[in-house]
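Along the sequence shown, residues carry numbers from 1. The figures that follow rest on heavy atoms only: side chains count, while hydrogens, waters and symmetry mates do not.
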Amino acid sequence: MFYSMGISSSALTAQRLRLDVISSNMANVDTTREKLVDGEWQPYRRKMVVMQPNENSFSSALDKAVNAKSGNRTPAGVKVSRIVEDQTPFKSVYDPDHPDADENGFVYQPNVDPLREMVDMISATRSYEANVTVLNSTKAMLMKSLDIGK
């Protein structure tokens, strides 16, 4: 009965984490010193959320559907498998007065593109809103089914 609510709640959790990572990327769009690598400071590196389905194969989905009659059904949905760093090269900007400029006057900027982050944020927000709608629809159907029993 609450299977679809579990699916929606897993998606809400994943999209919320995705929004948190996007906001971290946007906050660090100008951070030229994030961590020390091999004795040198490195700019902030864009992070991305990698999601995967909770059910890895058709056979596992079929097994769960068969076991649903006995009450052993766990929600499918999605899960965050990991958060990875974007390996695209840093942007170099000529600014010899910057404290992080190299000997040639270039400063390495983070590989965060604010436009891409905004598009990702809109996508995550729409996915979140869609799952809230599914959750509310499921709740309304369950409430109507309780009214039928009266």
Side-chain angles (χ1 to χ4, degrees), residues 1-65 67-68 72-144:
M1 184 184 304
F2 298 104
Y3 186 71
S4 63
M5 290 179 124
I7 292 172
S8 291
S9 66
S10 72
L12 289 171
T13 303
Q15 293 302 332
R16 184 180 158 280
L17 178 62
R18 188 172 163 214
L19 284 168
D20 288 345
V21 169
I22 291 168
S23 66
S24 174
N25 289 341
M26 289 295 285
N28 288 294
V29 73
D30 291 323
T31 304
T32 57
R33 287 189 193 183
E34 185 206 11
K35 60 183 174 181
L36 202 57
V37 176
D38 297 331
E40 291 188 25
W41 287 101
Q42 189 177 37
Y44 177 83
R45 206 170 265 289
R46 178 177 182 254
K47 294 173 180 51
M48 300 174 293
V49 175
V50 178
M51 293 182 236
Q52 69 181 37
N54 277 338
E55 295 176 352
N56 294 329
S57 65
F58 177 75
S59 62
S60 66
L62 182 62
D63 288 341
K64 287 183 179 184
N67 291 330
N72 296 333
R73 192 171 189 179
T74 57
V78 298
K79 64 181 175 181
V80 174
S81 60
R82 64 190 186 280
I83 297 175
V84 297
E85 290 185 344
D86 188 357
Q87 295 302 315
T88 58
F90 298 118
K91 298 178 271 189
S92 62
V93 177
Y94 183 74
D95 186 4
D97 296 330
H98 195 281
D100 293 329
D102 64 7
E103 61 275 354
N104 298 324
F106 286 97
V107 178
Y108 291 100
Q109 298 285 333
N111 59 354
V112 177
D113 179 13
L115 183 61
R116 177 187 291 176
E117 297 303 320
M118 291 301 292
V119 169
D120 286 349
M121 184 181 67
I122 290 170
S123 171
T125 302
R126 300 289 173 154
S127 296
Y128 192 91
E129 290 170 353
N131 280 290
V132 167
T133 302
V134 169
L135 200 61
N136 287 335
S137 297
T138 302
K139 185 174 82 171
M141 285 189 285
L142 289 172
M143 294 304 290
K144 288 290 184 185

Check: Going by the salt bridge (Lys or Arg N to Asp or Glu O under 4.0 Å) test, which pairs reach into residues 23-32, not counting sequence neighbours?
Finding: none
Check: Do side-chain atoms of Ser8 reach the backbone of Met5 as a donor and acceptor pair under 3.5 angstrom?
Finding: no
Checklist line | Over all atoms of both residues, closest heavy-atom pair of Pro43 and Pro110 | finding: CB-N, 3.9 Å
Next item on the list: Mind jotting down which residue pairs meet the salt bridge (Lys or Arg N to Asp or Glu O under 4.0 Å) criterion with at least one end in residues 90-99? Sequence neighbours excluded, please.
Entry: none
Next item on the list: Under the side chain to side chain contact (heavy atoms under 4.5 Å, CB included) rule, collect the residues that match up with Pro114, sequence neighbours excluded.
Entry: Met26, Val29
Margin query: Could you check whether any side-chain heavy atom of Ile122 comes within less than 4.5 Å of a side-chain heavy atom of Arg126, counting everything from C-beta outward?
Written below: yes
Margin query: Holding to side chain to side chain donor-acceptor pair (under 3.5 Å), I want the full list of residues that pass it with Glu85, two or more places apart in sequence or in another chain.
Written below: Lys35
Checklist line | Between CG on residue Asp102 and OG on residue Ser92, distance to nearest 0.5 Å | finding: 8.5 Å
Next item on the list: Kindly indicate whether the side chain of Val119, heavy atoms from C-beta on, has any atom under 4.5 Å from the side chain of Glu117.
Entry: no
Notebook entry, point to check: Considering all heavy atoms of both residues, which atom of Glu34 and which atom of Arg45 are nearest to each other, and what is their separation?
Noted result: OE1-N, 3.7 Å
Margin query: My understanding is that only residues two or more places apart in sequence, or in another chain, count here; which of them pass side chain to side chain donor-acceptor pair (under 3.5 Å) with Ser24?
Written below: Tyr44
Next item on the list: Could you list the residues that satisfy salt bridge (charged side-chain N to carboxylate O under 4.0 Å, His left out) with Arg116, not counting sequence neighbours?
Entry: Asp86
Next item on the list: Work out which heavy atom in Ser127 is nearest to a heavy atom in Asn131; give both atom names and the distance.
Entry: O-ND2, 2.9 Å
Notebook entry, point to check: Backbone N or O of Thr31 within a donor-acceptor pair of the Asn28 side chain at under 3.5 Å?
Noted result: no
Margin query: For residues 91-114, which residue pairs pass the ring pair (Phe, Tyr, Trp, His ring centres under 6.0 Å) check, not counting sequence neighbours?
Written below: Tyr94-Phe106
Note to self: Can you tell me how far apart NZ (Lys47) and CD1 (Ile22) are? Round to the nearest 0.5 Å.
What the structure shows: 13.5 Å
Margin query: Holding to side chain to side chain donor-acceptor pair (under 3.5 Å), I want the full list of residues that pass it with Asp120, two or more places apart in sequence or in another chain.
Written below: Arg46
Distance-only donor-acceptor hits, side chain of residues 11-19, under 3.5 Å, sequence neighbours excluded:
from  : atom 1 : to     : atom 2 : distance (Å)
Thr13 : OG1    : Ser9   : O      : 3.0
Gln15 : OE1    : Arg18  : NH1    : 3.1
Arg18 : NH2    : Ser123 : OG     : 3.4

Next item on the list: Just jot down the side chain to side chain donor-acceptor pair (under 3.5 Å) partners of Thr32, sequence neighbours excluded, or say none.
Entry: Asp100
Item checked: Closest non-hydrogen atom pair between Gly77 and Ser10, with its separation -> CA-OG, 3.3 Å
Checklist line | Interatomic spacing from CD in Gln109 to CG in Asn111 - rounded to 0.5 Å | finding: 11.0 Å
Note to self: According to ring pair (Phe, Tyr, Trp, His ring centres under 6.0 Å), does anything in residues 19-42 pair up with another residue at least two apart or in another chain? List the pairs.
What the structure shows: none
Note to self: Quick check for you: to the nearest 0.5 Å, what is the distance between Met141 atom CE and Asn136 atom CG?
What the structure shows: 11.0 Å
Margin query: Using only atom types and a distance under 3.5 Å, with no angle test, would you say the side chain of Ser81 pairs donor to acceptor with the backbone of Val50?
Written below: yes
